[in-house]
Every structure is written in C-alpha cells, then in structure tokens.
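Below: one structure, written as structure tokens.
Along the sequence shown, the residues carry numbers beginning at 1. These figures come from a predicted structure and were not determined experimentally.
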Amino acid sequence: MDAVEEAGSGHPGTAMSLAPAAYLLFQRFLKHDPTDPDWAGRDRFVLSAGHSSLTLYIQLYLSGYPLTLDDLKSLRKWGSLTPGHPEHGHTAGVETTTGPLGQGLGNAVGMAMAARRERGLFDPDAAAGASPFDHTIWAIASDGDIEEGISHEASALAAHQRLGNLVVIYDDNHISIEDDTLIAKSEDVAARYEAYGWDVHHVDWTRDGDYSENVEELAAALEAARAETGRPSFIALRTVIGWPAPNKKDTGKIHGSALGADEVAATKKILGMDPGKSFVVPEEVLAHAREVSDRGRAAHAEWEKGYLAWREANPERAAEYDRIAKRELPAGWTSALPEFEAGKDVATRAASGDVLSALAPVLPELWGGSADLAESNNTTMKGEPSFIPEEFQTKDFPGGPYGRTLHFGIREHAMGSILNGIALHGGTRPYGGTFLVFSDYMRPAVRLAALMKLPVTYVWTHDSIGLGEDGPTHQPVEHLWALRAIPGLDVVRPADANETAVAWRTVLEHTDRPAGLALTRQKLPTVARGAGGLASAEGAAKGGYTLADASNGQPKVIIIATGSEVQLALAARETLEGEGTPTRVVSMPCVEWFEEQDDAYRQQVLPPAVKARVSVEAGIALGWRSYVGDHGQSVSLEHFGASADYKTLYEQFGITAERVVAAAKSSLIKAGVDDAGQGSTTGN
C-alpha cells in the first residue's frame, strides 16, 4: 500500500491478497539462493501477472536479494530497480519481463520444456529428481492471463508435453479493471485445465463465507503439485483482491490505483499497525524472512556436490555445458555450413533447411520446430527425433521426451512466448517457424524478445506474393517494414542459398538479440559469384554490400534489392549497362546489420554523391525512402496481393526487371544526371 501511495500509481490489490501465497512460495517451496540469483540449479519463478510487480519485488527484498527498502519507495520511478512491470536483466531475481498478459505463462511453459531438453542433453540417465538439472518452474497467473488467448495455446501444449516440472498458481479473485469479471467471463477455469490434462487443485480462502488465509491448505497443494511429475499442475487459489482494505477490497478500484490515505490508514488499523507510519519493517521480521537466504545457500551447497560429481563423471558433457552456458560457439563450427552450387535454383526456405540439418551435429544446443508447418518451413533437422512424450510420437515424427524437433501445433502466439522462455532458461538455443504473414500472431512475443535481448531465431517463410496461389490472406505486404520497426530485431531476407547460409551463421554469432529470417517459397537462382564478376555472399554478414558494381566502378545509379528481387535488380543492371548507364546493384538482406557498419563502409556501398537510386522489394516501400532519397524511386507493392502463380503476380503487379529499368531512368532524370534524358512535351 505504501509503495503505491508513494508512486501515485500502481496495482496494490493483487499484491496485498497474494502476499501470503508469495511469501509461502519463496520461503518454503522455491529452490533459490538470494546471494546468487543466477545459480544454475535454481527453480524459476514467473510472475505472469506482471502488473502486480510488488508481489515479486517485496519477496525479493524480504528474501535478501539486492533490493532495499528505498528501492520499494522508488516504485515506478525514473532509474529505479522497481519499474512498473518486472524487467529481466534490470532487477536481480526477475526471470522474465512480464506485463502483456499471458506472455509469462507461455514463458513458463518454455522454461519447463528447456529444463527437460537440457537434462536430456547433459544427464539423461539420472533417476528422476536425482540430476543437478532437475528443478521446478513456478508461475503466478491472474484472470487477465487466463482470459488472453495465448494462455489456451500455451496451456494445451504444456499438458500435451506432460510438463510435470511446471506449477501454476491461478489467483482466482474475480476482479479485473472493469470490476467483477462476471461481466466478461463465466467459464469454469479449473475444468478447462482438467480438460487439457493438467493436475488441478482447489484452494478456496472464502469457502465458509468468511475469509481465511489458509496457508496450510495452500502448502499442501503446492507440495502435491511438486510431487506430480507426469503432468503440469494448476492450483486455483480463490482470494479476495485487496484484503483486508475495508471499503475497496473485492472491487475494481483496488486493482490498478492507489488506495488513498484514508483507506490505507483504515487498513493498517485492521492489521494492528500504526496508520501514521509508512514503510515499517521491524528488524525481527526482516531477520526472520531472510533466514531463507541461509536455507538457499545450504541447498546450493548441497546441489554443488551433485553437480561436481556429475562434472567429474562426464567431463565431455561438462565442457559442452560450460560452452553453451556462456553462449559460445564451438571452434570450427562454420566448416559444417553448406555451400550451394552456382546456377542451381533453390528456394531460400530449402537452403535454410539444409543449413539446419548440417549444423545439427556441431550445435547440440540448437533446437526448434514449427507451428504445424514443418514441411513448408523446412525446420526439421534431418534424422533428429521429436521432443514429445513417447505415447504421442507418430509414424512421421518418432521421438521421446528428450528429442530435438519441436511441434508447437497451430499456436504461433504461444510459440513466440515459449521460445522466449527457452532462451531465458538457458542451456539451449531455440528457433521457431511459420509463414511470414503469421508473424502477426507472434508479434507481442517477438517484441518482448527484442526488449529482453534474447537470441531467438524466427524462420518466417513464404515471404512475399511469391508464395502464389494461396492469395492475399497469406501474402505478406506490410510485414517486413512492420517488423523492421521493432527496435533490436534483425530482419534478414537473403537473396539466394549462399546468402542464406551466411545469414544463419551471422544470426547465430549474435547472442544478444532475436532475428527473423524471411525466406522464399519459390526457387531462386543461386548467384554465380567470384568468376562471374559478382561479389561473395560473405557480404551478407554486413547487412548490405555491393553485389555487382558498375562496369567502370563509378555508378550513375544504384539499385538496392532484397531477397527474391535481387535477381530482378541484376537483370535490370544488365539492360542499363548495355544502354551505357553504369549501374551498381546492392544486395541488402538486413537493414539492421547494415546500419551497424561504420560510416566509411556505408558510404562506400551507397556513395552520397550518387543520387539516382532505386529500391526493389515485393512489399510496401515505407523505410526504403530513407535509402533512395528525394530523387529515388521504389519498385514496391502498395496494396494487397491476389491469387495466382507467382510469375503472373510479379508481372501483373509490375515487379519486373523492366519496371526497375524504368524506375532507374526516372531517378536519373530527377537527379539531373547528364545524358539521362529530358522527356518530351505532349505538343499541346
């Protein structure tokens, strides 16, 4: 109450009513060491109800993490360690950034999956509960989390995967911002989770018509949930939000705003506290609470014995674990990358699949799959088993609980948040695939991956109208620039198979950000480089490079293209050069990587003196305007697509080499280039 009053805003109600549950969890059930928040053997706690950040911050403070009472006084203020919603990497003990409801629940599912995969990599033969890699993922979810559609996707998959290392406490308080949730929600949530196949428990603190914070009953449920190893567990905890505030408890008013001085004073009187004092934490209370730190250090020390014994017995696995934990790549791993024969037509989605299969033996940490589009996305590493309980393996996808190929089902939103959870957990590196147009379903999770700087890779195929007959519902038009608008996300659209290999290599070399690969359905010619006079695909690592220079080295016009449109740029260059116009083609697979290069390199590729420029991309032009300038032209698609074969679509919509030539000539005239032509009058 005091923290929200001090801030002038916040969410006090849930933090008040969940205080007994959170304290019980941190004191008795969560395996953690406040003196070492990154201890590899710790349990993970996810506050999916991120608006109730005080639920977490107060337990971190009481447990002895590096948070002070002054930090709680600075809630939601500039530069504080207690921002409005928990932020991973900002506050010690915060495992993930939460706030957008449902995302934390998906993160928790991903963490549980990552824990199982990590055990399979490093200690698969240990008895249940006997491995240093065995731990539990705990989460607190609110009505808001449960109502968001992502909760269905993530929870259904968690049950299907038999994630017995996952426990979710559902704060069933019947209140949201619009007061009583009955106005919008009437389903039986616990029955829903029973239908998924979760282990469901009920704890009702309102059972007898009075309110009793029955901590013993909750402890019994938590104990039973932790003991259940064959299914994820769901504890429906019925609380009264804002208990025991006399006038505002059980109302929407206490959900997201300060109680006000009078209500705070009245509540403190009920609790036997001095209403004239704020932020009072008696020394004996703090000392008692911080005994959990001693218990945590003792648990850590005991774990260390088993961990060191495992290392001694498994030196090769231990060395691999150390490398992966530091996000380092093994020596010589790039030698496994395939090289593609010039002149052969290969879809970049197929090239990506070949890269993944080639990397499988040398990068055991790399794993992933698709949202039911594996055959289209080419996300299945050849010969690798599926990550699936044995009873659910199929003829096409054999596997087991420690497998490698992920099957998310048609659940793009949950896939995004699960990938984040896998990356946050550590020990492995994930990727996930779908069509580029369906990145819309993933966008909230992609944005959070960028915010948290997570090395998640998205394999987004069918990247333009080039996918053809499926029509405008499946043809991305605005997506490339919409995704490029996310700060910290690398969007990579390679021009051919060899650029695809370089793109994958570069993505994997970056460990501090997510990346999306935009790949074609249609086959593209593998560019003849070197002897063909065209630059090496290595230039793709810099985001943009001179693929084909002007014949005299002094271009009058520059054509910038990405992906499948690079071939059109090369064809246009051939025409322009044949007509005597020195023309440079720049392949720009990744704007973000290009912008990271120094000024000298960027000016070398795009000399400021060359004003005549054309961009070519089968989508909206939007950001290309900053590259082509006032005199430039964009060959783009400023409308939705249509249903037809891709060759017809490119022809009908004017994304052709001839159109690029015309745009180049127009730009030359606008730029006032000598001998560019002046046009003619109508004779009127």
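- Between Trp39 and Trp303, the distance from one ring center to the other falls under 6.0 angstrom.
- Proximity of Ser48 to Tyr170: side-chain heavy atoms (C-beta onward) are nowhere separated by under 4.5 Å.
- In this structure Asp134 satisfies the salt bridge (charged side-chain N to carboxylate O under 4.0 Å, His left out) test together with Arg119, sequence neighbours excluded.
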Throw together a table of side-chain donor-acceptor distances under 3.5 angstrom for residues 103-116, partners on residues two or more places apart or in other chains.
| unit_1 | atom_1 | unit_2 | atom_2 | d |
| --- | --- | --- | --- | --- |
| Gln103 | NE2 | His413 | NE2 | 3.0 |
| Asn107 | OD1 | Thr96 | OG1 | 2.8 |
| Asn107 | ND2 | Gln103 | O | 3.3 |
| Asn107 | ND2 | Ser417 | O | 2.9 |
| Arg116 | NE | Pro401 | O | 2.7 |
| Arg116 | NH1 | Gln161 | O | 2.6 |
| Arg116 | NH2 | Gln161 | OE1 | 2.7 |
| Arg116 | NH2 | Pro401 | O | 3.4 |

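- Salt bridge annotation for Arg42-Glu95: present, with a cationic side-chain nitrogen under 4.0 angstrom from a carboxylate oxygen.
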(message) Would Asp143 and Ser176 count as a side-chain hydrogen bond (donor to acceptor under 3.5 Å, both in side chains) here? Give the steps.
(response) CA-CA 7 Å; Asp143 273 310; Ser176 63; over 6 Å; no
(message) Apply side-chain hydrogen bond (donor to acceptor under 3.5 Å, both in side chains) to residues Asp71 and Thr68 and explain how you reach the verdict.
(response) CA-CA 5 Å; Asp71 291 318; Thr68 67; 3.2 Å; yes
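- Few gaps surround CD on Glu187; more than 12 heavy atoms of other groups in view lie less than 6.0 Å from it.
- In this structure, a donor-acceptor pair under 3.5 Å is present between the side chains of Asp145 and Ser142.
- Scanning for side-chain contact (heavy atoms from CB on, under 4.5 Å) contacts around Lys453 gives an empty result, with sequence neighbours left out.
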Ignoring hydrogens and angles, write down the donor-acceptor pairs under 3.5 Å from the side chains of residues 287-294, residues two or more places apart or on other chains.
| unit_1 | atom_1 | unit_2 | atom_2 | d |
| --- | --- | --- | --- | --- |
| Arg290 | NE | Tyr61 | O | 3.2 |
| Arg290 | NH2 | Tyr61 | O | 2.7 |

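- Here the options are Phe392, Tyr402, Trp367, the test is ring pair (Phe, Tyr, Trp, His ring centres under 6.0 Å), and the partner is Phe387; only Trp367 passes.
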(request) Evaluate the criterion side-chain hydrogen bond (donor to acceptor under 3.5 Å, both in side chains) for residue pair Asp512 and His510; output intermediate values, then yes/no. (result) CA-CA 6 Å; Asp512 60 348; His510 293 153; 5.7 Å; no
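- Among pairs with a residue in residues 11-36, those fulfilling ring-ring contact (aromatic ring centres under 6.0 Å, His included) read His11-His51, His11-His255, Phe26-His32, Phe26-Phe45, His32-Tyr65, at least two apart in sequence or across chains.
- The shortest side-chain heavy-atom distance between Leu363 and Arg429 does not fall under the 4.5 Å cut-off.
- A donor-acceptor contact closer than 3.5 angstrom is absent between the side chains of Arg317 and Tyr321.
- Although no hydrogens or angles enter the test, the distance criterion places no donor-acceptor pair under 3.5 Å between the side chain of Lys249 and the main chain of Val240.
- Salt-bridge annotation for Lys77 and Glu6: present, with a side-chain N of the basic residue lying under 4.0 Å from a carboxylate O of the acidic one.
- Using a 4.5 Å cut-off on side-chain heavy atoms (C-beta onward), Ser278 and Glu5 make no contact.
- Applying the salt bridge (charged side-chain N to carboxylate O under 4.0 Å, His left out) test to Glu328 and every residue at least two apart in sequence or in another chain returns nothing.
- Under the 3.5 Å distance criterion, the side-chain polar atoms of Thr91 are matched with a main-chain donor or acceptor of Leu81.
- Judged purely by atom type and a 3.5 angstrom limit, Lys248 has no side-chain atom pairing as donor or acceptor with the backbone of Gly242.
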